[in-house]
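Please read the structure below before turning to the comments.
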Protein chains: 2
Amino acid sequence: MMKNHKETPGFAWFWEALDLYLERHKLKQTQQRKIIVDFFLRINSHVDAEELHRRIRAEGHDIGLATIYRTLNLLMDAGIVEERSFQDGRSVFEVASPDGHHDHLVCTECGLVIEFENEGIEEMQRAVAKQYSINLKTHRLDLFGTCMDEKSCLERREKKIRG
Amino acid sequence: MMKNHKETPGFAWFWEALDLYLERHKLKQTQQRKIIVDFFLRINSHVDAEELHRRIRAEGHDIGLATIYRTLNLLMDAGIVEERSFQDGRSVFEVASPDGHHDHLVCTECGLVIEFENEGIEEMQRAVAKQYSINLKTHRLDLFGTCMDEKSCLERREKKIRG
DNA sequence: ATGGCTGCAAAGTGTTTGCAGCGAT
DNA sequence: ATCGCTGCAAACACTTTGCAGCCAT
C-alpha cells in the first residue's frame, strides 16, 4: 500500500489524498508514482519536471521523463499539486496549499521562491476588477527581485550550478 | 523613408523611435518591417505572432512567420514593444508604454485585455518585498475573470472564432 | 558591391501522445 | 486475465536559426 511510506513526514494528508483519488478513479498505485511523489515532496519547493527527473535518475531510478509529466498532471487533476510559470517556457510545480491562494516572490539571481499572502493586496485587486466590470476569478502575482542577503543568494546559485 | 507612413495616427513617436534604433544599429528599413509594424500598431492590442502573421497574409502580403518573430524581437530590443504570457505557451505583444508599468485584467472567455495602474497595490508590493528581504525589481500581476457585460463578451468571442 | 534581410526549412524547446509490452489488481 | 501504466520515440506547438539569394544602402 502506498500508505506505508516512510518518507516525507508531515505530508500524510498528501499521500492520503492521492490514495483516495487513485481509488475513486480506479487508477493504480505503482512503484514509479511512489518514487516520484516521494522525491517531489522531499524537494518540497518549486521544481520543474526535468529537474525532478534528473534527481530521481541521479539516485539510480530508471523512470522516463514522460512518466514524470504524467504523474505531475495526475497530481494536478487530484488537486494536490499546482503548476506555475515564472520564467518563460518552463513550468514549475508546487504542493497545493489546502488553505487557499498565495503569491510569489522570486529571486532572479538564485531562483529562491518565497510564498506570501497579503489580504490587503487581494482586496485592492477585487476593487480594481469591480471598477472595470470584470467578475474576478483568479489572479497571478509574482514579484521579482534579488536577495538582500547576498551571501546565501550566492551559495544557492553555486549549489544550482554544481547540480 | 519610414517616416512617411500614412497609417497608425498617434504613433509617430513609435516610428521615430524605430527609425532612431535602426539608424544607430546600422540596420535597414525594409518593406516587411514597415508592413509588420503598421499592422501591429493598427491592431493595437495584445496579439500573438501567429495572429499577426495571419492578418498580414489575409491582406495579401507574403511575409514569413520567422520575419514576424524577428521583427517583434527587434522591436523589443528597441524597447518599444513588450512581451507578455497570459495563457501558457503563447506570447502576446504590446506597445511598451513609455510612462511606466501597468498590469492586466484578462477575460478568460473572450480574451479581452484591460490595462490598469494602481499605485496602492504597487506600494503594498514594495512593503511585502521589504518584509521578505528582497530588492524588488519588477513584478507581474494578472487578474483573470469574466466580463460583466456578457453581450459584448459573446460578440468578441464570436468574432474571434470567425477569424 | 557590401552586408543586412528574407523565406524556407530545419533545428530547438518543453510537453504530450501512440504503442507494444509490463505489472498491479 | 484484465486493463491501467511504463519507456521509448515520435508528435506537438511555439520560437529560433542556418542558408542561399535578395534588396536597401
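Within every chain, numbering begins at 1; the chains are lettered A, B, ... in the order of the sequence lines, protein sequences first and strands thereafter. For clarity, every value in this text was computed on a predicted model and none was experimentally measured.
- Side-chain nitrogen and oxygen atoms of A:S91 include at least one within less than 4.0 Å of the OP1 or OP2 phosphate oxygen of C:dT15.
- Judged purely by atom type and a 3.5 angstrom limit, A:H53 uses its side chain to pair as donor or acceptor with the backbone of A:I63.
- Although no hydrogens or angles enter the test, the distance criterion places a donor-acceptor pair under 3.5 Å between the side chain of A:R33 and the main chain of A:K28.
- An OP1 or OP2 oxygen of C:dT15 is reached within less than 4.0 angstrom by a side-chain nitrogen or oxygen of A:Y69.
- Comparing A:E50 and A:R70 by the nucleotide of DNA chain C that holds the closest heavy atom to each, the one mapping nearer the 5' end is A:E50.
- In terms of position along DNA chain C, the nucleotide closest to B:L27 lies nearer the 5' end than the nucleotide closest to the other residue of the pair A:A66 and B:L27.
- Applying the 4.0 Å criterion to OP1 and OP2 of D:dT6, one finds that A:T30 has a side-chain N or O inside that range.
- Checking D:dG7, D:dG4, C:dT15 against the side-chain heavy atoms of A:T67 singles out D:dG7 as nearest.
- Judged purely by atom type and a 3.5 angstrom limit, B:H46 has no side-chain atom pairing as donor or acceptor with the backbone of B:I114.
- Side chains of B:T146 and B:E109: a donor-acceptor N/O pair is absent below 3.5 angstrom, by distance only.
- One cannot find a donor-acceptor pair under 3.5 Å joining the base of C:dG3 and the side-chain atoms of B:K26.
- Note: A:F86 and A:F144 have perpendicular aromatic rings, judged against thresholds of 30 and 60 degrees for the angle between ring planes.
- Residues of residues 71-82 of chain B that place a heavy atom closer than 4.0 Å to DNA chain C do not occur.
- Judged by closest nucleotide on DNA chain D, A:H25 is the one of A:H25 and B:A49 placed further toward the 5' end.
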